[in-house]
Amino acid sequence: MNYWLIKSEPFVFSYDKLVADGKSMWDGVRNYQARNNLRAMREGDLALFYHSNEGLAVVGVAQIIAEAYPDPTADSGDWSAVDVAPYRKLNQPVPLALIKATPELQDIGLVRNPRLSVMPLSSEAFSKILELGQTDI
DNA sequence: GCCAACGTTGGC
DNA sequence: GCCAACGTTGGC
């Protein structure tokens with residue numbers, strides 16, 4: 001089981017929208033590092049869902065339900081998409097400021113490389129954020 | 001709305 | 001293959 005963090009701008013696609021839709025294709029990634037992370041995802045992996053730009057918080061957990069396939073929204077280039085489904089909404093959103101203020105979370109990609117949109121997380125970091133979000137899964 | 005950080009592009 | 005210029009992302 002691998003753990004991930006995926007980012008979305010909530011006015012483009014929010015966690016609530018994912019819940020409403022039941023599942024979604026995770027497409028439009030145009031960054032090689034992020035794409036390679038998408039390709040490393042396995043069915044059943046869990047991903048924290050982070051709202052960037054507005055909200056600035058981890059709000060829920062999503063599950064990977066289909067592994068990487070060619071991104072149909074790419075008209076050229078070698079890009080990938082996966083399918084995700086809602087898994088659990090956090091009881092308490094975990095704001096970026098809290099993550100930055102938590103010593104155990106100083107090494108995660110969100111802090112180290114804030115512009116990467118798909119990044120791996122250690123199981124420790126994943127659990128810690130769930131704990132901050134007062135959520136058991 | 002500004003600006004810093006990073007990735008990508010293109011000239012040499 | 002290097003590096004400057006540019007575009008994009010995302011926090012503040």
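Note that the structure is predicted; figures quoted are calculated from it, not measured. Order of the sequence lines fixes the chain letters, A, B, ..., with proteins taken first and strands second; residue numbering starts at 1 for each chain.
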### Message
How many whole angstroms separate atom OH of A/Tyr50 from atom P of C/dG11?
### Response
4 Å

### Task
Rounded to the nearest angstrom, tell me the gap between atom CD in A/Gln33 and atom C1' in C/dT9.
14 Å

### Task
Could you give me the CA-CA distance, side-chain angles and deciding distance for A/Lys89 and A/Asp16, then say whether salt bridge (Lys or Arg N to Asp or Glu O under 4.0 Å) is met?
CA-CA 9 Å; A/Lys89 187 170 181 168; A/Asp16 286 341; 2.9 Å; yes

### Query
Would the A/Trp79 and A/Tyr32 ring centres measure less than 6.0 Å apart?
yes

### Query
Are A/Asp45 and A/Trp4 linked by a side-chain donor-acceptor pair shorter than 3.5 Å?
yes

### Task
Can you tell me the distance, in whole Å, between the OH atom of A/Tyr32 and the P atom of C/dT8?
16 Å

### Message
In this structure, how many angstroms lie between the P atom of B/dA4 and the CZ atom of A/Arg112, rounded?
### Response
23 Å

### Query
A/Met119 has an atom CE; how far is it from atom P of B/dC6, in whole Å?
13 Å

### Query
Under 4.0 angstrom, heavy atoms only, what part of the nucleic acid is A/Leu96 near: base, sugar-phosphate, or nothing?
sugar-phosphate

### Query
Can you tell me how far C1' of C/dC12 sits from CG of A/Asn53, to the nearest Å?
11 Å

### Query
Does some side-chain heavy atom of A/Leu130 sit less than 4.5 Å from a side-chain heavy atom of A/Arg88?
no

## Note on the structure
Whole-Å distance, A/Lys100 NZ to C/dG11 P, equals 7 Å

### Message
Expressed as a whole number of angstroms, how long is the span from A/Leu56:CG to C/dG10:C1'?
### Response
8 Å

